[in-house]
Amino acid sequence: METLTLNPISIPPIIPSHLLSSATTIPQLKQIHARILRSGLDLTPSLLSRLLSLPLNPAAAPSLDYALSVLLRTPHPPSRLRCRAFRLLGPRRAIAAYARLRQDGVDFDRFDFPPLLRAAARAGEGEGGEAVVRETHGFVLKTGFVADPFVLTALVRGYAARGCVSDARAVFDRMPERDVVAWGVMLDGWCQSGCYSDALQLFEEMKSSDVAPDQVILATVLSACGRTGNLSSGKAIHSYILESGIAMDAHLQSSLINMYSNCGSMDIARKLFDEIPVKDLVASTAMVFGYAKIGEIETARAIFDEMPEKDLVCWSAMISGYSESDKPGEALKLFNEMQASGVRPDKITMLSVISACAHLGAIDQAKWIHVFIDKNMFHDVLMVRNALIDMYSKCGNLASAWRVFEGTPQKNVITWTSMITGLAMHGDGTSALALFERMKAEGVEPNGVTLVGLLYACSHTGLVAEGRQVFESMVHEYKVEPKLEHYGCMVDLLCRAKLLREAFELIESMPFHPNVIIWGSLLGGCRVHMDVELGEIAAKRILELDPDHDGAYVLLSNIYAKANKWDEVGRVRRLMKSRGVSKEKGCSWIEINGNVHEFLMGDESHPKSKEIYGKLEEIIQELVLVGYSPDTGSVLVDLEEEEKKEAVLLHSEKLALSFGLINSTRGSCIRIAKNLRVCEDCHSFMEFVSKVFDIEIVLRDRTRFHHYKNGVCSCKGFW
DNA sequence: AGAACAGAGG
């Protein structure tokens, strides 16, 4: 690089612009600027412009700071330079520069407002963006630019971007003339704030106005339809496009595909997608997302693999697809591939990855992801922290969840809810209720999800009176209308507390149609607390809603078996067989030294199978000495009593536990995850083992965590 | 010289 020799004699009285533009570093720039000032010349607009557009690295913040200081020291910079500077400086410094210029009494003209409002719209949280919009609005009213469409459109944009949609609408409504861009800004404003139905309504208004929608408007509105799953409006807009003869550009085509994808209409989306000669990134991503959402994850993957180049968004869509389709291992694998291909994740990617870890329940993976998050500076993002709380809870590590929670300075309602729900899953309802009180004391309003967590906590801890009280106070104290899931929690609460009849009455009296989950709670309660009559009703209702619901057959036959009604057990089994329903296989996982080992019932495929069965035999012998005897009530198949004992002793969680005991020492902790609910025999087996072998066991089943320590489980029988 | 759009999450 050429070095400038700044000999005073060689500087001509007028600085040639090529000299200025040859400066590429801050010190060179400062030297030249110093010469300019010393030579007594004013910085002419052209020189200032040159200064602001120097080919310095835009990422080099000091150069922008320097440009700013020059701008501020120039008494009356022309407005077009200010505009340029505002754009270059970025939101925060643009706002600061603007405040200084105003303080210095600089006259503003109408060209200043759009860039300023743009900065205010894009400013970060706590940088006074909204205040700038309001001030500017007042200023505009005073200075008589109220009729300028550019200024007003920028104001609408500013208000909308700060979430003040009604202010945006007020400005929009008072605009003397609204062109297509003004409509676009207002429509997008509603969408950005999640008010999609307002957006659609505004679009109807627009259609009856004298301004015709263009591609941009239609893309925005189609996106609104997609996000709300409003297929009928989406189709109407599709027809409108075809009828009005608006040119179908790539943007619009992608928007249409995305709308159909989001509404789950993959047949139509596919047809449109196949018609595109060159599949672009956005359209392909929409297809990947759509197929993943309807569970056709392999089709999604096929399209993903076909994409010639992949960006952050499509990687994230595919990762999220796996994570949401209960394929957490694939999600993590893809996350590694993404990094290997050189694409850096953002916070949205991280949310899916964290969720995958939560699904997997593997604590070592979870810790690894947490380290990754710290290293890559995502740990200050609130949503990431909230997801981490959930992840640690679901991985059975409440202590780490607490650490993340307490280390979060600005907690929002989701932060509190995640922690409350975590405590609930682990059966610590008392702490959940205490945390709820703390949350209210700190002035955070609970939402519907918080109350689900709280009711869930009461239910899983047997806090009947507290649960009833929370449910009663929902409407008048917290202004939350109970939804189906709240009733579900109450049914669960009553069932676990053996109040089966009351639970049934609640189902009958609630203002919603019960779903299979609600009837499932009742059926589960009937099995635990033995009520054949109600159990039959619940099972019947489930099978009316979903004839292939394997859980209903299994639980019902368990109830009959427990009541020694073997004819009925046989009848249920034959019914299952004739309808081609099979029981979901029990499956357990255990993580040893970062590796996940999977066991099915009676599984002999593990390389150390012999050793595992030996250990199991040894455990059983020890347990029998202290009073354990196999309880066969949960065995579905009708076998001889001895065979039933065999079957129950081969449950996957017992195999996983044996393997865990081989690989751990006294006083340590074994973590097991299971796909179904733990059976009664395994539950008491775990309790015995925790005492006899002096070991802590954390078992995650389909609905909650069980912590076994010293012969007792944290669920205290409420499961 | 100045104003708008589609795909990942919530």
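Lettering follows sequence order; numbering is per chain, from 1. None of these values were measured; they are calculated from a predicted model.
- Applying the side-chain contact (heavy atoms from CB on, under 4.5 Å) criterion to A/F289, with sequence neighbours excluded, gives A/N262, A/K293.
- With DNA chain B read from its 5' end, the first of the two nearest nucleotides for A/C314 and A/Y196 is the one closest to A/C314.
- With A/F172 as the aromatic partner, A/R178 meets the cation-pi criteria of under 6.0 angstrom to the ring centre and within 45 degrees of the ring axis.
- More than 12 non-hydrogen atoms from other residues, nucleotides or ligands lie less than 6.0 angstrom from CD1 of A/I294.
- Between A/R118 and B/dA3 there is a side-chain polar atom (N or O) within less than 4.0 angstrom of OP1 or OP2.
- Of the charged side-chain nitrogens involved, none lies within less than 4.0 Å of a carboxylate oxygen, so that A/E337 and A/K333 do not count as a salt-bridged pair.
- For a distance-only test at 3.5 Å, the side chain of A/D148 qualifies as a donor-acceptor partner of the base of B/dG2.
- Judged by distance alone, with hydrogens and angles left aside, A/D311 brings a side-chain donor or acceptor within reach of the base of B/dG7, the pair sitting under 3.5 Å.
- When the side-chain nitrogen and oxygen atoms of A/T349 are compared with OP1 and OP2 of B/dA8, none of them lie within a distance under 4.0 Å.
- For A/H251, taking side-chain heavy atoms from C-beta onward, the closest of the listed nucleotides B/dC5, B/dA3, B/dA1 is B/dC5.
- The distance from atom CG of A/L388 to atom CD1 of A/I354, rounded to the nearest 0.5 Å, is 4.5 Å.
- Consecutive pairing runs in DNA chain B never reach the stem threshold, where a stem means at least three Watson-Crick or G-U wobble pairs with distances under 3.5 Å.
- Ring-to-base geometry does not place A/F150 in a stacked arrangement with B/dA3 (centre distance under 5.5 Å, plane angle under 30° required).
- At least one side-chain nitrogen or oxygen of A/S223 sits closer than 4.0 Å to the OP1 or OP2 atom of B/dG7.
- Distances shorter than 4.0 Å separate none of the side-chain N or O atoms of A/R227 from OP1 or OP2 on B/dG10.
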